[in-house]
> 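Let me begin by handing over the structure; questions about it come next.
All values reported here derive from a predicted model rather than from experimental measurement.
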Amino acid sequence: MNGLPAHTGQGVAISARGLTKVYRKYLHKNQFTTLKSAIVSGSLIRDLKPSELFTALDHVSFDIPRGCTYGILGENGSGKSTTLKLLSGITKPSSGSLDVSGRVSALIELGAGFHPEISGRENVAINGIMLGLTRAEVNRRFDEIVEFAEMKDFIDAPVKTYSSGMYARLGFAVAIHVDPDILLIDEVLAVGDEAFTRKCLEKIGEFRRRGKTIVIVTHSLGLVEKMCDEALWLRKGKAMDSGDPKRVVDAYLSFVAGQENELLGKQEVREVAESSDKVSGEAPEEKRRWGSGEIVLNEVHLRDHTDRMAHVFVTGDTLRVAVSGEARSPVEDFVFGVGIFTADGTAVYGTNTHIEEFKPTRAAGPFSFTFEIQDLRLVEGSYILDIAAHRRDGTPYDYHRGLYSFRVRSRVKDVGVYRPRHTWAFSESLQIAAPDARPELELRAAERVERRRQADTLQILHHDRASFRALGRSVVFTNGCFDILHTGHISLLEQARAEGDVLVVGINSDASVKRIKGETRPVIGEAERAEALLALECVDRVVIYEEDTPLAVINAIRPDVLVKGADWALDKIVGRQEVESWGGRVVRVELVADRSTTALIQKAEGGTIAST
C-alpha cells in the first residue's frame, strides 16, 4: 500500500452478489465440410447444438467502496476478464445481481470502436461518444487526448496506417479522458514505451487522488501490492480469497508454489522411472544414470526444513537432499557427491565427502544420508541436481545426472545465481530513504527458529491463514490457560495435532488467567508458557489473547478443526457455531484421569503428593 486511505468516497460503487456467467460450448469434432453436405446429411442443427455449459464465473460476491482501487488476480482462464466485461456492461450475468453506480470507462479492448479507414481525429470523436461523452465534450478534450497519446503528427492519418502501439495509445488516451466515476483496466498498461507507461500510471494515480473507483485486472502482482487497496483472487471462476492485497498475493503465490511442487514432483518421478531401473555402464551422454552398481542410490527426495517433500523454495530456506541406497557388497572406497546447476547447465556449486575430508571405512547393506543447505542463497530460478556415489578416483558406482530439479522463488528480482548477504551505506550528501521493512519477501509464512521461542501476533496468524489454505494445510486450534503445563495437556495437544497439519494453540494472557481463575492463582508468565508450548513437537504456533474467550482468534484464523477437552459440553464450547458455519469440525478429546490442572493443584494442596 502507498499510504492512501482504503477508500476516499462514501458508500459502495460496485456490489456483486452470486455473480455467475455461463457460456455454451459447441461440438467441433463432427463439423461438416460444406454447407451442402451438412444439409444433405441433416447435421446442420445437430452439429451446432450446444453440447455442454462452461461456467466462466461461479457465484462470486464482492463489494468495492467508492474511491477504492481494487485488484483482481489469478491464472489465465480464472474469470478475471469475464468479471470486467460484466462490470462494464459488455455482457450480462447468467445469474446473480450486479449494481454499478456511476459512469464507467473500460480499458478492456483499447480502440475497440476504431475504424481503420478513417482518421484518428474522426475515431476519437466516435470512440468518445461511444464511451458516454457528448460531441461538445469530445471537442473540449480533443487537444488533451492527442497530446497525452503523443499523436499530434499522425492524428489526421487513417488508423490503418498506425502501428499497434500507436493504436493502443490513442485508445488509452480516449478512455482515460472520459473522466469516469469508475475506471476498469484489463492488463493494458503495456501500451507504449517505458516513458508512456509511466505517464499512464501517473494518470491512474491522479484518478486515485481524486477519489475515483478503479478496478484493475493484471498479472503484475507487484502492481496489485503497490496500487491496490483491496484484492480478489479468482481461480476457475470461483473466489479463492479477498481483502488485503499483500495477504491475497501471498496466498496466490503460495498456491502457485504448491502447484509447482506437485508438477515438479510428478516430473521427477517420471524422469527417474524413465532412467535405467538398474545401473548400467553406458556412456554418460547416452543415459542420465550410469555406474558399475556396487553401490546404488535408490531414492532421492528434496525436503524443506520441516522435512516435508518440496520442490519450490524461497531464497534463504533450508534445502535437504535425503538419499537412501544400498551397498550390494561391502565397500571400503566410497564417496558421495552433490552438484547444483542452473537450468542451462552452469555449475553453481558442487562438493563431496572426499573434498570435505570425510574418511570412509565401510559401507554394507541399506544406508541413508542427508545433505543440507541451511541458508539457500540462490536467486530466483530453476536448478537441477546431480547426485553420485563413486570411488575416490572418480569411478562411478551410481551417477544420477540432472534427474532432480527444484525452483527458487524470491520477491527480490536480482540477477545471477547467488545472493550474498549485504548492506548499503551512503554519505550524508546523498538524500536517499531506506526501504520499508519487507517481511513479505517470504513467499509463504516464514517458519523461522524464532517461532519456536515466542508467540505469534494475531495479525501474523490472520495473514498466514490464506497461505495455509492455499497450500492445502488444515489448521487445528485449541485453547486454554496452560498455566501449569502437565501430561494431561500434552496428551490433549498430541491428539489435537493428529486432527490436521498445523496446530495453533491459543493461551490466555496473565491478566486474563487471573480474571478467570482468581487473583491467588499461581501463574507462570505468558512468555514462558508460550515458549514451553512451542518446545513441544506437536505444537506449531502459539498466540496469546487478552480476552477471556478465544472467539476473536477463532474468527481471525478460521480453523478447520476446533479441539476442546471432553469436560466441556458441546453447547458450551466457544467458537463451535462459527467453526461449523464455515464447514469446520469440532472435536472433543477425552482427558487423562486426574490430570486436569485443577485436580493437580487440589492434590498438591491436599498433601497427597508430599506423602507419596
Side-chain angles (χ1 to χ4, degrees), residues 7 12-23 54-114 127 130-132 168 171-191 200-201 203-204 207-208 212-221 223-225 227-243 245 248-249 252:
H7 51 87
V12 175
I14 300 173
S15 179
R17 290 292 177 271
L19 203 59
T20 300
K21 182 62 180 178
V22 179
Y23 293 101
F54 169 69
T55 303
L57 210 60
D58 191 359
H59 294 88
V60 174
S61 299
F62 55 86
D63 288 322
I64 303 178
R66 285 195 177 91
C68 174
T69 300
Y70 197 84
I72 303 178
L73 56 95
E75 312 107 303
N76 290 330
S78 61
K80 305 186 301 297
S81 295
T82 298
T83 303
L84 235 56
K85 288 177 181 178
L86 291 170
L87 298 182
S88 65
I90 292 176
T91 186
K92 300 297 182 184
S94 302
S95 64
S97 64
L98 177 61
D99 182 20
V100 180
S101 303
R103 174 189 280 181
V104 176
S105 182
L107 307 183
I108 297 177
E109 296 178 11
L110 294 179
F114 284 179
N127 212 244
M130 288 175 58
L131 292 172
F172 186 97
V174 174
I176 204 78
H177 283 86
V178 169
D179 195 25
D181 301 305
I182 300 171
L183 181 63
L184 309 178
I185 305 174
D186 186 4
E187 202 69 76
V188 295
L189 295 181
V191 295
C200 294
L201 291 173
K203 190 68 175 178
I204 293 172
F207 268 60
R208 297 188 70 202
K212 303 289 186 177
T213 304
I214 303 172
V215 182
I216 300 176
V217 163
T218 181
H219 288 289
S220 173
L221 303 183
L223 184 67
V224 172
E225 288 189 350
M227 296 195 66
C228 295
D229 304 307
E230 296 183 31
L232 170 68
W233 167 26
L234 295 176
R235 180 171 186 267
K236 295 183 177 179
K238 293 182 179 292
M240 298 295 290
D241 205 353
S242 63
V248 174
V249 167
Y252 173 65

> Under a 3.5 Å distance rule, please check whether K21 uses its side chain to pair with a backbone N or O of K92 as donor and acceptor.
yes

> Give a yes or no answer on whether the side chain of T213 reaches the backbone of G67 with a donor-acceptor pair at less than 3.5 Å.
yes

> Go through the structure and list residues passing side-chain hydrogen bond (donor to acceptor under 3.5 Å, both in side chains) with K238, not counting sequence neighbours.
D58

> Between T82 (side chain) and A56 (backbone), is there a donor-acceptor pair under 3.5 Å?
no

> Quick check: closest heavy atoms across A231 and V224, and the distance to 0.1 Å?
CB-CG1, 4.0 Å

> Could you tell me the separation between the CD1 atom of I182 and the CD1 atom of I14, rounded to the nearest 0.5 Å?
4.5 Å

> Using side chain to side chain contact (heavy atoms under 4.5 Å, CB included), reason through T91 and L86 one step at a time and then give a plain yes or no.
CA-CA 5 Å; T91 186; L86 291 170; 3.6 Å; yes

> State, with a plain yes or no, whether a side-chain heavy atom of L98 is found less than 4.5 Å away from one of L87.
yes

> Let me confirm one number: the CD1-OG distance from I64 to S101, rounded to the nearest 0.5 Å.
11.5 Å

> Would L84 and I185 satisfy side chain to side chain contact (heavy atoms under 4.5 Å, CB included), going step by step from the backbone distance to the final call?
CA-CA 8 Å; L84 235 56; I185 305 174; 5.7 Å; no

> Work out which heavy atom in C228 is nearest to a heavy atom in P245; give both atom names and the distance.
O-CG, 3.2 Å

> Quick one, T55 with V22, criterion side chain to side chain contact (heavy atoms under 4.5 Å, CB included). Give me CA distance, side-chain angles, the key distance, then yes/no.
CA-CA 4 Å; T55 303; V22 179; 4.0 Å; yes

> D99: which residues meet the side-chain hydrogen bond (donor to acceptor under 3.5 Å, both in side chains) condition with it, sequence neighbours left out?
none

> Salt-bridge test for D181 and R66: reply yes if a basic N is under 4.0 Å from a carboxylate O, no otherwise.
no

> Can you measure from CG (L221) to CG (L73) and round to the nearest 0.5 angstrom?
6.0 Å

> With a 4.5 Å limit on heavy-atom distance, are the side chains of Y252 and R235 in contact?
no

> For L232 and V60, what are the C-alpha separation, side-chain angles and deciding distance, and is it a side chain to side chain contact (heavy atoms under 4.5 Å, CB included)?
CA-CA 10 Å; L232 170 68; V60 174; 4.3 Å; yes

> Can you tell me how far the NE2 atom of H219 sits from the CD atom of E75, to the nearest 0.5 Å?
9.0 Å

> Any donor and acceptor pair, going by atom type alone, linking the side chain of K212 with main-chain N or O of T69 inside 3.5 Å?
no

> With rounding to the nearest 0.5 angstrom, report the CD1 to CZ distance, I72 to F62.
5.5 Å

> Once the angle between the rings of Y23 and F54 is folded into 0 to 90°, is it parallel (under 30°), tilted (30 to 60°) or perpendicular (over 60°)?
parallel

> Backbone N or O of G18 within a donor-acceptor pair of the T20 side chain at under 3.5 Å?
yes

> Once you round to the nearest 0.5 Å, how far does OH of Y70 lie from CG of D63?
8.5 Å

